[in-house]
Amino acid sequence: MQEHLESKKAEKKAIPAAERKKIREEEAERVKKYTVATVDGKEERVGNFRIEPPALFLGRGEHPLMGKVKKRIWPEDITINIGPKDPVPECPIPGHKWGKVMHNKAVTWLAFWRDTITNGSKYVWLAADSKFKTVSDAAKFEKARKLHKYIEKIRKDYRRGWKSEDELVRQRSVALYLIDRLALRVGNEKGEDEADTVGCCSLRVEHLTFNDPDVVEFNFLGKDSIRYENSVKVERGAYLGLKKLAQKKKSSDDIFSRLTTSSLNEYLRSLMEGLTAKVFRTYNASLTLDRLLRQGGQQQNVNEQLVFYNKQNKEVAILCNHQRSLPKKHDEQMGKLSVKYEETIEWLRELERAAKEMKASRKDSADVTQWVRPKPDLKPNMTEEQRAAERRRASEAPLEKVAKRMKVDSVHLAIARVHDR
DNA sequence: AACCAGACTTGGAAGAATGTTC
DNA sequence: GAACATTCTTCCAAGTCTGGTT
């Protein structure tokens, strides 16, 4: 199977760029009628207009269903959602027809099917630049801005709650502190058929370690089985409250045993209209980025500004525990870079030595030796494989010594060029 | 109040496209 | 102009959250 895929890949790679572009354009033309939808009289781009193909299910982390067959979805499995007077889109597979056509204007999806692995719902939606998506995205940030007006009151409230006699209030107040302070996700219950990951409300005793003074160590698998590992000095009241909640419980017990995500959100709604746990993530990420960007120097050039922005944005990623695994070839690439770096430094030393020598002897040229990579010897009659082999040979061959006489001007030019890099 | 279905957002991986370098 | 690096796009699993049902 792998061989087959490899050869397909190679076949594709062999197509010249111009032809590949043409193929791409033809394909875009062919699918055009599926990529645009008319919504309230306006044309909108459709997001995922292709049905997910059959495949082996590949969950993330230790997923109980990993490797199960995700079956092919046929038109009969699909429900189409269109305006009551609109013509039903033609089914693209001959001999088949849509499972159902409905007219639900209370939802934003265009088509629906059931996932054969999870039995969950899968939808075809409009693209991110559609009205539906952009309006709701804007509303999300507006809600976060609104939270800014309530946050002091909410913080005061949960600090008071840490000392409450009512255990539910205590649990809720400590949990909310963690969501606010550490930007944790709310952490809904998960089923047997899913990877064992947690968020705030589903934290277990085993995920925490208490260190003095007032330091809590967090170590758990969050969304996408990405590890959250953080040692934080927390406020005294929260520390004591949390420690108390963990006491007399087994390591596999829930810390917030009486708290549910629904009750937490219900409570939040009583504090501010539309407030839910995830708003705190948006709020704190946005506020943090805003604060960090304000610390920037004003007179930087565009390049420096970009570096600065990326640096501050990375801080926000750390807050939200966003992590990307290193690309597969990262080590290799770093190795190459450091080899290149060493070679450049060596060349610089040689040039500087020559410059010094010329200055001392007052001559206008000097002998220099440079170590260069041999060029591949490519002949016009070579096959693609032979060329590749020759290139590989050249890149792996030892460096060649080249001795030459350089004029003083070219030595200085070469030095400047190295510094430019 | 526990449970579940449904709808929608979030976010990382992989692949495709594009840019850069030798 | 190939090879390599970087950026953009697509894909889809995995979350959040609401509202209905038992």
Side-chain angles (χ1 to χ4, degrees), chain A residues 5 9 12-17 20-21 23-24 27 35 45-53 55 57-61 63 65-66 70 79 81 104 106-110 112 114-115 117-129 132-133 136-137 139-140 179 184-191 193-202 221-226 258 260-266 268-269 274-282 285 317 320-330 332-334 336-337 340 372-373 375-376 378 384 387-388 390-392 394-395 421:
Chain A
L5 291 172
K9 212 172 175 180
K12 225 174 174 182
K13 212 177 160 189
I15 300 170
R20 212 183 300 179
K21 196 175 170 197
I23 292 172
R24 193 153 46 92
E27 172 64 6
T35 64
R45 294 198 310 139
V46 180
N48 55 329
F49 62 91
R50 272 183 247 264
I51 288 297
E52 295 172 15
F57 175 79
L58 221 169
R60 303 185 189 137
H63 202 294
L65 303 178
M66 159 190 334
K70 184 165 84 172
T79 300
N81 186 33
N104 183 355
V107 297
T108 69
W109 54 265
L110 312 178
F112 159 97
R114 211 162 267 296
D115 187 82
I117 294 287
T118 61
N119 201 36
S121 329
K122 288 281 175 85
Y123 304 90
V124 172
W125 271 299
L126 294 177
D129 60 6
F132 286 156
K133 298 291 183 189
S136 102
D137 205 32
K140 172 184 75 183
I179 286 170
L184 298 190
R185 296 187 183 84
V186 68
N188 285 299
E189 289 294 318
K190 293 191 72 179
D193 273 357
E194 296 171 285
D196 176 22
T197 65
V198 299
C200 184
C201 293
S202 44
L221 294 181
K223 180 178 177 181
D224 294 330
S225 294
I226 287 169
R258 320 217 354 219
T260 66
T261 56
S262 303
S263 70
L264 177 59
N265 278 332
E266 198 183 330
L268 289 175
R269 265 200 308 278
L275 185 61
T276 64
K278 82 192 267 282
V279 181
F280 285 84
R281 250 172 101 78
T282 311
C320 292
N321 201 39
H322 289 157
Q323 303 184 25
R324 274 172 185 269
S325 56
L326 293 174
K328 265 186 206 145
K329 296 200 169 151
H330 178 263
E332 200 183 307
Q333 282 174 17
M334 289 307 279
K336 274 187 199 165
L337 275 178
K340 245 187 193 170
V372 297
R373 218 154 271 293
K375 289 239 158 70
L378 301 174
E384 229 6 89
R387 282 164 177 272
E390 171 57 16
R391 271 188 220 106
R392 201 159 44 241
S395 74
R421 273 199 250 168

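Bear in mind that the values here come from a model prediction, so they are computed numbers and not experimental data. Within every chain, numbering begins at 1; the chains are lettered A, B, ... in the order of the sequence lines, protein sequences first and strands thereafter.
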Touch check for A:Gly120, heavy atoms < 4.0 angstrom, all strands: base, sugar-phosphate only, or nothing? nothing
Applying side chain to side chain contact (heavy atoms under 4.5 Å, CB included) to A:Ile179 and A:Leu264, what does each step give before you reach the verdict? CA-CA 11 Å; A:Ile179 286 170; A:Leu264 177 59; 3.7 Å; yes
Tell me, for nucleotides 5-11 of chain B in 5' to 3' order, what letter each nucleotide earns: B for a base near a protein heavy atom under 4.0 Å, S for only sugar-phosphate near one, - for neither? -SBBBBB
Output the rounded distance in Å from NZ (A:Lys190) to C1' (B:dC3). 18 Å
Those residues that, when tested against A:Tyr123, pass ring-ring contact (aromatic ring centres under 6.0 Å, His included) (two or more places apart): A:Trp109, A:Phe112, A:Trp125
When you get a sec, tell me which of B:dA17, C:dG15, C:dC12 is the closest nucleotide to the side chain of A:Glu52? C:dC12
Provide, to the nearest angstrom, the distance between the CZ atom belonging to A:Arg324 and the C1' atom belonging to B:dA14. 10 Å
Using a 4.0 Å heavy-atom cut-off across all strands, classify A:Ile117 as base, sugar-phosphate, or nothing. nothing
Reckon A:Gly199 touches a base, only the sugar-phosphate, or nothing at all at heavy-atom distances under 4.0 Å? nothing
With a 4.0 Å cut-off on heavy atoms, is A:Ala277 in touch with a base, just the backbone sugar-phosphate, or nothing at all? sugar-phosphate
Distance, rounded to the nearest Å, where A:Leu268 contributes CG and C:dC17 contributes P: 9 Å
Classify the nucleic acid contact of A:Thr261 as base, sugar-phosphate or nothing, counting any heavy atom under 4.0 Å across all strands shown. nothing
Please find the pair of heavy atoms, one from A:Val124 and one from A:Phe49, that lie closest to each other, and give the distance. CG1-CA, 4.4 Å
Verify the contact: side-chain N or O of A:Arg24 to OP1 or OP2 of B:dT18, cut-off strictly under 4.0 Å; return yes or no. yes
Set of side-chain hydrogen bond (donor to acceptor under 3.5 Å, both in side chains) partners for A:Asp129, sequence neighbours left out: A:Arg45
Has the side chain of A:Lys190 got a donor or acceptor atom that lies under 3.5 Å from a matching backbone atom of A:Ala195? yes
Integer-rounded Å distance: C:dT9 P and A:Asp129 CG: 11 Å
Which whole-number value in Å describes the distance from A:Met66 CE to C:dA14 P? 9 Å
Quickly work out the A:Asp115 CG to C:dA14 P distance and round it to whole Å. 10 Å
A:Leu264 CG - B:dA1 P separation (whole Å): 16 Å
Rounded to whole Å, CD of A:Glu266 lies from P of C:dC17 at a distance of 14 Å
Yes or no on side chain to side chain contact (heavy atoms under 4.5 Å, CB included) for A:Asn321 and A:Ile226, after CA distance, side-chain angles and deciding distance? CA-CA 8 Å; A:Asn321 201 39; A:Ile226 287 169; 4.0 Å; yes
Please check the phosphate of C:dT16 (OP1 and OP2 only) for any side-chain N or O of A:Asn188 closer than 4.0 Å. yes
Would you sort out whether A:Asp193 and A:Thr118 count as a side chain to side chain contact (heavy atoms under 4.5 Å, CB included), showing the intermediate values? CA-CA 8 Å; A:Asp193 273 357; A:Thr118 61; over 6 Å; no
